[in-house]
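See below for the structure under consideration.
Sequence lines set the chain letters: A, B, ... in the order given, protein chains first and strands last, and positions in each chain run from 1. Everything quoted here is computed from the prediction, not taken from an experiment.
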There are 2 protein chains.
Amino acid sequence: MQALTERQETILALIIHQYIDAAQPVGSKWLVDKYHLGVSPATVRNEMASMTEAGFLRQPHTSAGRIPTEKGYRFFVRSLLGETELPANEKRLISHQFHQARGDVDEWGRLAAAVLARHSRVASLVTTPHADRAIFKHLELINTRGNQVLMVLVLMGGDVRQQLLALTSTFEQAELSQTAQKLTNAAQNKSVKGVARLVEEFDGLAAEILLLVAGVMARVDGLAAGEVVRDGLTNFLGEPEFADTTSAREALRLFEERSFLDEVLAEVLEPASVGAVQVIIGGEGYWKELEKCSIVLARYGAPGLATGALGVLGPTRMAYGRTISAVRYVAGLMSDLVIESFEGQGTGRLAQ
Amino acid sequence: MQALTERQETILALIIHQYIDAAQPVGSKWLVDKYHLGVSPATVRNEMASMTEAGFLRQPHTSAGRIPTEKGYRFFVRSLLGETELPANEKRLISHQFHQARGDVDEWGRLAAAVLARHSRVASLVTTPHADRAIFKHLELINTRGNQVLMVLVLMGGDVRQQLLALTSTFEQAELSQTAQKLTNAAQNKSVKGVARLVEEFDGLAAEILLLVAGVMARVDGLAAGEVVRDGLTNFLGEPEFADTTSAREALRLFEERSFLDEVLAEVLEPASVGAVQVIIGGEGYWKELEKCSIVLARYGAPGLATGALGVLGPTRMAYGRTISAVRYVAGLMSDLVIESFEGQGTGRLAQ
DNA sequence: TTTAGCACTCTCGTGCAGAGAGTGCTAAAA
DNA sequence: TTTTAGCACTCTCTGCACGAGAGTGCTAAA
C-alpha cells in the first residue's frame, strides 16, 4: 500500500468526517469552501483522484463526490484517529450512574447497554460476566412442593443457574438444605471434572444432585458468553443506509442471533484481550452480511476469573472516535465492577 | 353500531383474509372471481359501500379496493373469528420442545419467545414469571474476597436477585452461611413488611443483611413483570407497512422500551386474567404510536403465586387466527410449567 | 333485489427534458 | 514541477405528461 502525503491524509480525514456527518458524497468544491483549505478545488480533485486510485475512496457514480471505502475507514481508524477520549463531564456522568448501580449485579449489563447506545448512537450489545470455565461456588436446594426441587447453582464469576428437578422421592427442606451445604463444602472451587469425580464419593440424594450439577456446569462451560443485553435498536433504523428495510433486516437478524455473536466473539476476541478495543469494518470480507456494518467491541472483566464482552453494531459510516472511546470507557468501568466484586480491589476508576 | 347481514359478514371476512395475505386493497371483481361468490361484482360493491359507510372498511383512495379499518378488524376478531386452535401436529411439536426444556428455568422465556415468533411471524415478547408480591424464600451469602459479599436472594415464584454488598467488616464464609440460614428460617414466606418487621429481632450482621433484603424485595414488589425476552424482531421489518423505516422505528421503540410494556401490562391485563387472550388493535385510540400495530397478549402462571405475560406485536394486518391460538397455547404451556414447579401439579397438558 | 353497462377517478410506470452538482482533462500560471 | 482556471461531459434528481390498469359509483333494466 502506497503511503499518503500529509495533505492527502488531511483531505481523507475531512471527507470521512463530513460523510459520517451528512451521509452524502463529498465534493471537492464543497470541501474547500467549508474548511477553507487554502488550495483550489482542482488541487483537491487531483488528490481525491489519486486516493480513489489507491482504494481509499470511491465514487457512487461518475459525477458524484467521493465516499470512503472500507480501506479508507480502516486507515482512518488505525492511523488518523489517534487515541480518543470521552469528554471529562460525560465520563463523570457515566461513572456516577455506574456507581449508583454498583451493588445491583443484575443491573450492570442493562446499564452498560443503555450508556453505550446513548453515546454511540447505534445499537449496543453487552454480555453479562461469565467465567471462562465453570467453577463451582455454591449450591442451594429449595423445596417447592411434592417432589419438585428448585436448584440454584452459583458459579464463580457470577453465573447463577436455576434448574428445576423432579426427584424420585420427596424430601424435607431441612434435609435438602443439609445436603446442599454438604455438597457446597465438598465441591467448592471445583471444575466440571472435579464435580464429576466427586459423584462417586456420595450416594443417594447427594449423588443424584451432584450429577445434575455437573451436567449444568458442563453446559455453562461450553458457552462463549453469558446473557446478552441489547439496546438502541432504533438508533439503527434512523440511519439512511438502512432506509431500505431489507438491509436493516440483514443487520438486525445478525444482531438478534445468538450464534452469530458467539462466532464473532470466538473469532475476534482473544479471551485475554481485556482492554483492547477491536474494530471490525464492513465484516472485513469475512462476514458478508456485515458489508454495510461495523462492529466496535471489547472484552471486559478479570481474565481467568470472569469476563464479558460489550460493543456496538452500526453502519460503516459510524462516528468511530466517539464510539471507540465510549466502548473503551464502559469496558473499563465494567472491568472495575467485576474485579472489585471478585477480587476486592479495582483500579479505582469507579471511586473517583 | 348497525348489525351486518350474513352476506356482509362473509364478504368482510374474505376481505380481511385476503388483505392479511397480500397487503393490497381488495376489489369487488377480484373477490368474486377468486372465491366464486355466486353473485356479481356489482352486488359485492353495494355491500362494500354500505360497510364502508358503517366504518368497517375504507378506501385508500377513490378508485382502489377496500381495506379493513380498525373497527373492521375488531369486529372480525370478536365476532367472526371464532375459537381457533393450532393444528394438532404443531401443538405436539411445541409441547415436545417445552417438555425437553422443562427443568431449565432460565430457558423457558427464551423458548416461549422463539416459538411465538415462529408461529405468529411477528415480533414476540415474553416476561419471565414474577410473583405479584415479593415473598421471601431463600437467602444465600457468598464470600468473594475482602469485605465484598454476593447476596443471592430467591423469592417465591422464581425471581432470583443478585446483590453485591460491601460490608463494614470482613466475615468468614462459615459465619455468613450460618447467618444466611438463620435468616432463611426466620424470613421464610414473609412479605416485604414481614421482613422489615423482622429487622428489629436481629442485630449486627444479620440485621444489616435483613435491611438490604427488605430493600431488594421492595424494589421487586414494585415491578410489573420479570425479565423481558424478545424475539422475531426481523419478522417485523419484512412487513410492507414498515417499508418506510420511520414507522418501523416507532413500533420498535415501543417494543424495546420497558416502561411501555409495563404500562400496557398494567392497563390491559388484570392480574387475575390468566388464560384470556387480549387483542389490542391499532392502539385502541389510546396509544397513538401503535396506530399501525396490534398486540396480542395473555397472562400466564398461577395467580397469587407467580405470573408472567407473553404476547406478540405486529402490524394491524396480522394473521389473528394463527397468532391468537399460538399465544393461547404457549401461555397454557407456560402456566403448566409455573404451576407444576410451584404447586406440584399441572393440568397435564405437558405430560401428553 | 340483483345485475349489466358505462363513465369517471386515481395510481403507477415510463419516457423525457432541464437543472444541478461534480468530475476529468487540458493548458496556462506560479 | 505543482497548482489553478476553464470547460466539456456525465450522472442523478425532479417534475411533468401520458397511457394503461384497476376499481368505483351510478343508472337503468332484469
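Comparing D:dT4, C:dT3, C:dT11 by their closest approach to the side chain of B:Asn46 singles out C:dT3. Closest to the A:His61 side chain, of the nucleotides D:dC11, D:dT4, D:dT3, is D:dC11. Nearest to the side chain of B:Ala49, among D:dG25, C:dA4, D:dT4, sits D:dG25.
Panel note: side chain A:Gln59, backbone A:Ala64; a donor-acceptor pair is recorded below 3.5 Å. In this structure, A:Thr69 contributes its side chain and A:Arg58 its backbone to no donor-acceptor pair below 3.5 Å. With hydrogens and angles ignored, the 3.5 Å screen pairs a side-chain donor or acceptor of A:Lys71 with a backbone N or O of A:Ala54.
The rotation axes computed at either terminus of the helix from C:dT1-D:dA30 to C:dA30-D:dT1 lie 30° apart, taking five pairs at each end and rounding to 10 degrees.
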Protein N or O to nucleotides 17-22 of chain C N or O, pairs below 3.5 Å:
from   : atom 1 : to      : atom 2 : distance (Å)
C:dG22 : O4'    : A:Ser63 : O      : 3.4

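Here the closest non-hydrogen pair linking B:Ser325 and B:Arg322 is OG-O, 3.0 Å.
Between B:Pro41 and B:Pro60, the one whose closest nucleotide on DNA chain C sits nearer the 5' end is B:Pro41. Nearest-nucleotide assignment on DNA chain C puts the 5′-proximal partner with B:Val44, out of B:Val44 and A:Met48.
Here B:Glu284 pairs with B:Arg74, B:Ile280, B:Ile281 under the side-chain contact (heavy atoms from CB on, under 4.5 Å) rule; sequence neighbours left out.
Side-chain atoms of B:Ile94 and B:Leu86, non-hydrogen and from C-beta on, do get closer than 4.5 Å to each other. Using a 4.5 Å heavy-atom threshold, the side chains of B:Leu125 and B:Leu310 count as separate. In this structure the side chain of B:Tyr73 never reaches within 4.5 angstrom of the side chain of B:Phe56, judged on heavy atoms.
B:Glu53 has its CD atom 11 Å from the P atom of D:dG25, to the nearest Å. Across the protein-nucleic acid pair, B:Arg58 atom CZ and D:dT24 atom P stand 15 Å apart, rounded to whole Å. Rounded to whole Å, the distance from CD on A:Glu47 to C1' on C:dT23 is 16 Å.
Taking only side-chain nitrogens and oxygens, A:Thr43 comes nearer than 4.0 Å to OP1 or OP2 of D:dT4.
Centroid-to-centroid, the aromatic rings of B:Tyr320 and B:Phe76 stay 6.0 Å apart or farther.
Annotation: proximity of residues 13-21 of chain B to DNA chain D (heavy atom, distance under 4.0 Å) is found for no residue.
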For residues 39-47 of chain B, which side-chain donor-acceptor pairs fall under 3.5 Å, sequence neighbours excluded?
from    : atom 1 : to      : atom 2 : distance (Å)
B:Ser40 : OG     : B:Ala42 : N      : 3.3
B:Ser40 : OG     : B:Thr43 : N      : 3.4
B:Ser40 : OG     : B:Thr43 : OG1    : 3.2
B:Arg45 : NH1    : B:Ser28 : OG     : 3.3
B:Glu47 : OE1    : B:Gln8  : NE2    : 3.3
B:Glu47 : OE2    : B:Arg7  : NE     : 2.8
B:Glu47 : OE2    : B:Arg7  : NH2    : 2.7

Donor-acceptor contacts, no H, no angles, side chain residues 228-239 of chain A, under 3.5 Å, sequence neighbours left out:
from     : atom 1 : to       : atom 2 : distance (Å)
A:Arg230 : NH1    : A:Phe255 : O      : 2.4
A:Asn235 : ND2    : A:Ala117 : O      : 3.2
A:Asn235 : ND2    : A:Val122 : O      : 3.2
A:Glu239 : OE1    : A:Arg317 : NH2    : 2.6

